[in-house]
Amino acid sequence: MSLILVIGGTGGFGARLCRRLAVARHGLLVAGRNGDRAAAFAATLPDARALAMDRGGDVAALLAAHRPDLVIDAAGPFQASSYAVPQACIAAGIPYLDLADARDFVSGIVSLDEAARQAGVAIVAGASSVSALSGAVVRKLAERLDRVETVDMALSAASRRSGGESIVRAALSYVGRPVLLWRAGRWSHGHGWQEMVRASFLFRDGSGLRGRLAAIADVPDLDLLPAMLPGRPSVTFRGGTESGLQMGALWLASWPVRCGWLKSLAGAAPLLVRLYRLTAGFGGARSAMKIVLRGRAGALMVERSWTVVAEKGEGLEIPTLGAALLAEDALAGRLAPGARSAASLLTLDRFEPAFAALALRHEIDERELPPPLYARILGSAFDALPPAVRGLHDLCGDAGAAGEGTVMRGRGPLARLVATLMRFPPAGTWPLRLAFTDRNGVEAWTRDFGGHAFSSALCAARDGLIVERFGSLRFAFALPAGPEGLEMRLRRWSVFRLPLPRFLAPRISAREWQDDQGRFRFDVAVALPLIGDVIGYWGWLELAEKRGNPVVIASGAKQSSAERMAPQDWIAASRRSSQ
């Protein structure tokens with residue numbers, strides 16, 4: 001019989017994991033800071049002994065004294081934790097797993113890779129919902145896609161059933177603080193517990209959970225997934241609870257940190273943990289997770305999603321499933337020596353037996369996405385555009401481009417006032433970055449001239465025009481297009497959707513083409529009646545993927561068109577596997 005040391009074995013997730021391992025007939029060393037509590041819990045399990053242990057203590061001496069076959073660390077939070085435990089395991093020649101969801105901890109575990117290889121032991125971080133399960137789901141959804149453009153993940157926990165104080169403290173460590181996100185082909189910053197949205201976790205029949213608040217969370221997948229998937233996709237992870245009161249309170253609390261008035265909320269953790277416990281009883285016991293992936297299979301753009309909804313508080317079992325599976329692999333010698341995250345170690349089908357034993361439902365779905373905005377408007381003329389122009393507008397999810405832009409501003413006081421109100425950049429030549437996102441047929445464009453950014457949103461009008469919106473102002477353009485490029489010709493404008501007279505309309509000249517170096521070129525000029533020139537900007541751009549961003553294909557070589565499974569066949573097979 002194997003012997004497994006579970007650090008934090010009396011905690012919310014640690015206790016659940018111990019019960020799961022005991023059912024699998026493993027001997028257990030249940031370790032916790034409170035020896036009496038550990039002893040009381042160990043007495044409820046077969047072949048279990050208690051051990052008073054602090055992760056910050058002399059781990060090496062305990063390993064030498066008890067010689068477990070495997071160490072699993074379930075004692076969160078892992079934010080700001082050292083690698084003392086996995087290093088002690090390497091020195092003792094004992095394989096190691098953990099349930100860490102701390103981004104730096106899981107992403108940085110590879111720093112132990114050489115030492116683990118030399119010692120001949122497997123060291124695995126993130127054997128939990130993230131990154132073991134999320135990695136398995138994303139790799140399943142990415143099968144037979146040539147490119148993955150975006151990955152959006154949301155997790156909503158039940159309020160009544162909590163994973164414990166460590167989960168709250170982990171979230172507080174990044175509330176309001178900068179969170180590094182790979183978006184639009186480059187690294188940018190969001191902020192913890194902001195960019196809040198209402199997420200729905202619905203199945204094909206319309207059942208599930210609807211309208212739960214979720215906000216930016218700092219998890220290892222934000223580092224791991226862009227490099228794992230073909231196309232280096234943008235990745236966003238949002239988390240939350242079902243309680244709108246809790247979510248709103250954390251969102252409000254995030255602003256003093258973001259504004260620099262507080263360094264973090266860590267000092268307020270005792271108070272906030274008490275408030276969390278007071279409000280937790282008002283919620284239910286249903287939790288959910290949804291992962292949505294957008295990408296391309298040949299010329300086809302698809303969206304694939306995986307949804308799980310857990311009933312009766314059993315969502316708290318899900319973080320233990322990956323650790324239980326990897327424990328069996330480690331004990332059987334199926335994990336190669338070295339240090340790595342769990343993101344690429346399991347497949348989704350291996351979770352199925354455990355899912356079937358829980359009160360939960362999960363489902364994979366796929367839908368074909370419509371063509372990009374400019375392609376829908378231009379029709380066959382889109383294919384005639386120069387490659388650089390067509391490529392920039394061939395948008396599926398998020399994309400980015402970079403280059404150089406020159407700005408000229410009008411000289412009159414009214415022209416300067418209008419340019420300032422519209423947040424146009426100052427005059428000069430600037431490094432230029434363009435980020436665009438496509439959500440539900442609306443493209444959001446953000447143009448960043450050397451740190452001076454302004455944005456607009458574009459959508460299709462019913463009469464075949466394209467509408468660009470700057471705040472309350474809307475401009476509808478025709479798009480004459482051909483092999484030489486395209487132009488934008490103003491046809492009407494409005495404010496708050498109220499039509500305005502054409503004779504007061506700005507004079508807008510805008511064209512796009514491909515230069516002799518194969519780069520996308522643009523030239524835009526805006527003038528107003530009686531005021532004159534307001535702004536002009538021109539320059540060049542290249543898509544981020546053409547500027548050297550690495551693309552790593554995680555599972556095997558890229559397949560030819562003949563080898564690809566048709567999308568309808570893929571989803572049928574996936575549905576069969578989830579039944």
Side-chain angles (χ1 to χ4, degrees), residues 149 184-186 371-396 398-410 419 422-438 443-458 460 465-470 475-491 506-527 533-549:
E149 305 285 354
R186 69 184 182 112
L373 175 62
Y374 277 69
R376 296 198 304 273
I377 294 173
L378 293 175
S380 59
F382 184 77
D383 294 329
L385 290 171
V389 178
R390 187 174 64 250
L392 194 97
H393 293 293
D394 189 19
L395 181 60
C396 172
D398 290 12
E404 184 178 88
T406 298
V407 180
M408 179 188 70
R409 277 201 181 195
M422 296 297 292
R423 300 184 64 183
F424 290 145
T429 297
W430 307 97
L432 173 60
R433 292 188 178 274
L434 175 63
F436 22 56
T437 62
D438 176 20
E443 293 186 3
W445 288 48
T446 300
R447 308 155 183 88
D448 185 334
F449 290 82
H452 306 279
F454 69 101
S455 302
S456 64
L458 297 96
L465 302 180
I466 191 168
V467 176
E468 185 164 17
R469 177 169 56 86
F470 295 86
F475 303 90
F477 297 92
L479 294 175
E484 300 302 317
L486 66 81
E487 297 181 31
M488 300 179 71
R489 295 180 182 172
L490 185 64
R491 292 291 182 259
R507 310 295 187 256
I508 300 175
S509 170
R511 65 188 186 100
E512 302 171 358
W513 71 100
Q514 178 175 309
D515 65 17
D516 293 338
Q517 300 178 52
R519 301 182 302 191
F520 173 88
R521 301 284 303 204
F522 63 92
D523 190 343
V524 179
V526 180
D533 294 336
V534 175
I535 193 169
Y537 56 93
W538 59 91
W540 60 269
L541 288 164
E542 287 183 336
L543 288 172
E545 64 197 62
K546 294 183 179 180
R547 295 174 62 83
N549 287 328

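Taking every heavy atom of both residues into account, A481 and L486 meet most closely at CB-CB, 3.9 Å. A pairwise comparison of heavy atoms in D398 and E149 identifies O-OE1, 4.0 Å as the closest pair. Scanning all heavy atoms of the two residues, the minimum distance from G482 to P386 falls at O-CD, 3.7 Å. What you find for D394 and P372 is that their closest heavy atoms are OD1-CG, 3.3 Å. Across every non-hydrogen atom of P506 and L490, the tightest pair is O-CD2, 3.5 Å. Between G405 and L432 the shortest heavy-atom distance is N-CB, 3.8 Å.
To the nearest 0.5 Å, the span separating CH2 on W538 from CZ on R521 amounts to 11.0 Å. The CG atom of L465 sits 8.0 Å away from atom CD1 of I377, with the distance rounded to the nearest 0.5 Å. Atom CZ of F520 sits about 10.5 Å away from atom CD of Q514, to the nearest 0.5 Å. With rounding to the nearest 0.5 Å, the separation of CG in L541 from CZ in F522 is 5.0 Å. Summarising the geometry, atom CG belonging to L479 is positioned 6.0 Å from atom CE belonging to M488; distances are rounded to the nearest 0.5 Å. Atom-to-atom distance recorded for L434:CG and E542:CD is 13.0 Å, nearest 0.5 angstrom.
A donor-acceptor pair under 3.5 Å links the side-chain atoms of R409 to the main chain of F424, judged by distance alone. E512 contributes no side-chain N or O that, together with a main-chain N or O of V389, makes up a donor-acceptor pair within less than 3.5 Å. Not a single donor-acceptor pair under 3.5 Å links the side chain of R423 to the backbone N or O of H452.
Residues satisfying the salt bridge (Lys or Arg N to Asp or Glu O under 4.0 Å) test with D533, not counting sequence neighbours, are none. For the side chain to side chain donor-acceptor pair (under 3.5 Å) test, no residue two or more places apart in sequence or in another chain qualifies with R390. Residues meeting the side chain to side chain donor-acceptor pair (under 3.5 Å) test with D523, sequence neighbours left out: none.
Classification of the F449-F454 ring pair by plane angle, with boundaries at 30° and 60°, yields parallel. Between W445 and F436, the ring planes lie perpendicular to each other; the angle is over 60°, past the 30° to 60° tilted range.
For R376, the CZ atom counts as densely surrounded, since its 6.0 Å shell holds more than 12 non-hydrogen atoms of other residues, nucleotides or ligands.
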Inset, instruction - Assess whether side chain to side chain contact (heavy atoms under 4.5 Å, CB included) is satisfied between L458 and Y374, documenting all intermediate values. - result: CA-CA 10 Å; L458 297 96; Y374 277 69; 3.7 Å; yes
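A 4.5 Å side-chain heavy-atom check between L373 and H393 finds every atom pair outside the cut-off.
Looking at S456 and R447, their side chains do bring a donor and an acceptor atom within 3.5 Å of each other.
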